[in-house]
Undergrad: 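Dumping the structure here so I can ask a few things about it.
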Amino acid sequence: MRLTIVGTGYVGLVTGACFADLGNDVLCLDIDEEKVRKLQQGLIPIYEPGLSDIVSRNMREERLLFTTNKAEAYAFGSIIFICVNTPSKEDGDVNMAYLEAAITDIAKFMNGYKILSIKSTVPIGTADCVKQLLQQHQAKQYDFDVVSNPEFLREGQAVKDFMNPDRIVIGTESENAKRVMMSLYRSLERTNKPIMVTDIRSAEMIKYASNSMLSTRISFMNEIARLCEKVGADVKVVAKGMGLDNRIGPRFLQAGVGYGGSCFPKDIRGMIAMGKKHGLSMDVLRAVDKVNEEQKRSLLPKLLHYLPDLHGRRIAVWGLAFKPKTDDIREAPSLIIIEQLQQLGAEVVVFDPEAEPSARRVLQGVTYAKNPLGAVKDCDALMIITEWDEFRNLDLLQLKAMMKQPIIIDGRNIYELEEMRGLGFSYTGVGRGYCNERQECP
Ligand SMILES: NC(=O)c1ccc[n+]([C@@H]2O[C@H](COP(=O)([O-])OP(=O)(O)OC[C@H]3O[C@@H](n4cnc5c(N)ncnc54)[C@H](O)[C@@H]3O)[C@@H](O)[C@H]2O)c1
């Protein structure tokens, strides 16, 4: 099939590359000229495992092309995938300006029947608004169908997730759109991993409700972790015990420094804004957001317990990305923690295996180390913010020897408490209740 992808960010680039890899002819459009210029040279603007190989292979075989030419792009595909960003506005509502701009462009340049498949995460009812907008702005009256096709890929495993989805959701009222979308996706359908065809609004809601549930689990466990610290329980043990219950399951039960990224925070706030428009207070999600904001700020008091005055102290931070295997620092807890450290006069040395280029665009006054041990050299404490695998198996004695003071505040619980204490570290994690019992943390 001939496909047009609108927006070549995390979702659009992965979608375009993977569909090309499945044998489709794909033209990706972006308004960011610099991004498109790089992509045309085979340079991938984001870090996503496996993506670079797929992009280069399909560019070589001429199934994957990039353009800024809207007329060419919107004439090209019989299906147009909308993958533009839908960020939060100041008040938490969803900023639909990028999507609306794309739709008015499509109306202007479409040259025949098109299926508009919305992959961006959009408020419920958007597909209906898109229909109206398209009709209003069409230069010539062509038929079209609008489909809600939410994307569930996770950054860091985006290619794997796209190629092996847990489910594919297609929200449509049109028999023709259903037939075409089913035939496009059929190669990705597996036993027990269905293509689910629904009405449009339910499809739109499935995406928001899924992200809301995942964020809720995270904030729930972070609240349990706080109580564990007060009552002397260990949240890792608690999570394991809970996860063995089939009704609960083990995933998304890790306590930490809170969720970040370009999806969970904005989607929770988007849901709250949607509820407000309909007279609902969305109490659960408000609490989820509040707990998360507090959690991002919960590591600093643990550090201050050991080092009450941070002036002139050298603090190492491992991990800038909002999670491992991505270079995405949007709404990353690291940004808040670094700001807090700097406000209290600390000198901050950071290391992240992939996110340094993204961080350089927003962070000021930090020193970038080339590796984890380089970051901790002569530092007064280490804060672990992102659980990159390469932090897990370092030589802990060497780590201790490099530090001026062996203080570790571990926001991801990647080390074993007893082992770290045994090695002589002052070590505090999240929700590891022993520290309370020993009066070692606030
Ligand atoms: N990142 C994720 O993990 C993820 C997962 C599932 C769903 N989503 C949703 O997918 C959407 C895209 O997310 P993303 O992370 O890929 O965003 P992104 O910011 O990485 O990329 C969006 C791209 O769209 C381009 N763009 C904006 N307006 C355009 C227009 N009118 N025409 C052409 N290009 C345009 C931008 O220049 C940018 O390159 C969002 O709605 C997001 O919520 C994201």
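Every number for a ligand or one of its atoms is a count from 1 in the order of the listing.
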Undergrad: Is it the case that the side chain of Glu151 and the backbone of Leu153 share a donor-acceptor pair, with hydrogens and angles ignored and the cut-off at 3.5 Å?
TA: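 It does hold such a pair.
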Undergrad: Any idea which atoms of ligand 1 are less than 4.0 Å away from a heavy-atom of Lys266?
TA: 42 (C), 43 (O)
Undergrad: For ligand 1, which part of Ser262 has a heavy atom less than 4.0 Å away: the side chain, the backbone, both, or neither?
TA: side chain
Undergrad: Would you name the heavy atoms of Asn111 and Ala75 that are closest together and state the gap between them?
TA: ND2-CB, 3.3 Å
Undergrad: List every atom of ligand 1 that sits less than 4.0 Å from any heavy atom of Ala102, numbering the atoms from 1 in the order shown and giving each element.
TA: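 What qualifies from ligand 1 is 31 (N).
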Undergrad: Only one of Leu303, Val348, Ile385 passes side-chain contact (heavy atoms from CB on, under 4.5 Å) with Ile337; say which it is.
TA: Ile385
Undergrad: Starting from atom 9 (C) of ligand 1, locate the nearest protein heavy atom and write down its residue, its atom name and how far away it is, to 0.1 Å.
TA: Thr121 OG1, 3.5 Å
Undergrad: Considering both backbone and side-chain atoms of Tyr10, is one of its nitrogen or oxygen atoms within less than 3.5 Å of a nitrogen or oxygen in ligand 1?
TA: yes
Undergrad: Under 4.0 Å, heavy-atom basis, I'd like to know which part of Lys70 is in contact with ligand 1: side chain, backbone, both or neither.
TA: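 Under 4.0 Å from ligand 1, Lys70 contributes no heavy atoms.
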Undergrad: Does the Thr104 side chain pair with the main chain of Ala101, one donor and one acceptor, at a distance under 3.5 Å?
TA: yes
Undergrad: Could you go through Gln254 and Arg412, starting from their C-alpha distance and side-chain angles, then the distance that decides it, and tell me whether this counts as side-chain hydrogen bond (donor to acceptor under 3.5 Å, both in side chains)?
TA: CA-CA 8 Å; Gln254 286 78 26; Arg412 300 293 180 181; over 6 Å; no
Undergrad: More than 12 heavy atoms of other residues, nucleotides or ligands under 6.0 Å from CZ of Phe109: yes or no?
TA: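 Yes - once you tally the heavy atoms of other residues, nucleotides and ligands closer than 6.0 Å, there are more than 12.
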Undergrad: If only atom types and distance count, is the side chain of Arg286 paired as donor or acceptor with the main-chain N or O of Ser281 below 3.5 Å?
TA: yes
Undergrad: Can you tell me which residue and heavy atom of the protein come closest to atom 21 (O) of ligand 1, and the distance to 0.1 Å?
TA: Gly9 CA, 3.2 Å
Undergrad: Taking only heavy atoms of Val6, which atoms of ligand 1 are found under 4.0 Å from at least one of them?
TA: 32 (N), 33 (C)
Undergrad: Under 6.0 Å from the NZ atom of Lys89, do we count more than 12 heavy atoms belonging to anything else shown?
TA: yes
Undergrad: Go through the steps for Asp410 and Tyr427 under the test side-chain hydrogen bond (donor to acceptor under 3.5 Å, both in side chains), then give the verdict.
TA: CA-CA 7 Å; Asp410 181 354; Tyr427 175 84; 2.5 Å; yes
Undergrad: Within the 4.0 Å heavy-atom shell around Lys35, which atoms of ligand 1 are there?
TA: 38 (C), 39 (O)
Undergrad: Tell me, which protein residue and heavy-atom name are nearest atom 41 (O) of ligand 1, and how many Å apart are they?
TA: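 Among all protein heavy atoms, the one nearest atom 41 (O) of ligand 1 is Thr86 OG1, 2.5 Å.
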Undergrad: With atoms numbered from 1 as shown, which atoms in ligand 1 lie under 4.0 angstrom from a non-hydrogen atom of Glu151?
TA: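 The atoms of ligand 1 under 4.0 Å from a heavy atom of Glu151 are 6 (C), 7 (C).
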Undergrad: Looking only at protein heavy atoms, identify the closest one to atom 27 (C) of ligand 1 and say how far it is in Å.
TA: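 The closest heavy atom on the protein side is Asn85 OD1, 3.2 Å.
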Undergrad: Return yes or no for this condition: an N or O of Lys207 is under 3.5 Å from an N or O of ligand 1.
TA: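 N/O-N/O distance below 3.5 Å does not exist for this pair.
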Undergrad: Check the surroundings of atom CE in Met282: do more than 12 heavy atoms from other residues, nucleotides or ligands lie under 6.0 Å from it?
TA: yes
Undergrad: Which bit of Pro150 gets closer than 4.0 Å to ligand 1, counting heavy atoms only: side chain, backbone, both or neither?
TA: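 It is neither part, as no heavy atom is under 4.0 Å.
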Undergrad: For a quick test of reading the model, state the closest non-hydrogen atom pair linking Trp388 to Glu354 and the distance between them.
TA: CH2-CG, 3.6 Å
Undergrad: For atom 25 (C) of ligand 1, which of Thr326, Asp328, Val84, Asp30 has the closest heavy atom?
TA: Asp30
Undergrad: Report the nearest protein non-hydrogen atom to atom 1 (N) of ligand 1: residue, atom name, distance rounded to 0.1 Å.
TA: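 Nearest protein contact, heavy atoms only, for atom 1 (N) of ligand 1 is Glu155 OE2, 2.8 Å.
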Undergrad: Using a strict 4.0 Å cut-off to heavy atoms of Cys263, name the atoms of ligand 1 that fall inside it.
TA: 2 (C), 3 (O), 4 (C), 5 (C), 8 (N), 44 (C)
Undergrad: Return the closest protein heavy atom for atom 24 (O) of ligand 1 as residue, atom name and distance.
TA: Gly7 CA, 3.4 Å
Undergrad: If hydrogens are left out, which of Ile82, Thr68, Asp32, Ile31 has an atom nearest to atom 34 (N) of ligand 1, that is, the closest non-hydrogen atom?
TA: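 Residue with the shortest heavy-atom distance to the ligand atom: Ile31.
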Undergrad: Measuring from atom 19 (O) of ligand 1, which candidate in Arg154, Arg330, Met96 has the nearest non-hydrogen atom?
TA: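 Comparing heavy atoms across Arg154, Arg330, Met96, the nearest one to atom 19 (O) of ligand 1 lies in Arg330.
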Undergrad: Do you know the tightest heavy-atom contact between Lys323 and Thr386?
TA: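 Looks like C-CG2, 3.4 Å.
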Undergrad: Under 4.0 Å from a heavy atom of Cys83: which atoms of ligand 1 are those, numbered in the order shown and with their elements?
TA: 12 (C), 22 (C)
Undergrad: Within a 6.0 Å radius of atom CE on Met213, are there more than 12 heavy atoms belonging to other residues, nucleotides or ligands?
TA: no
Undergrad: Among all protein non-hydrogen atoms, which one is nearest to atom 5 (C) of ligand 1, and what is the separation to 0.1 Å?
TA: Leu153 O, 3.5 Å
Undergrad: Can you confirm whether Asn393 is buried at CG, in the sense that more than 12 heavy atoms of other residues, nucleotides or ligands lie under 6.0 Å from that atom?
TA: no
Undergrad: Among protein heavy atoms, which sits nearest to atom 13 (O) of ligand 1, and what does the distance come to when rounded to 0.1 Å?
TA: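 Protein heavy atom at minimum distance: Val11 CG2, 4.0 Å.
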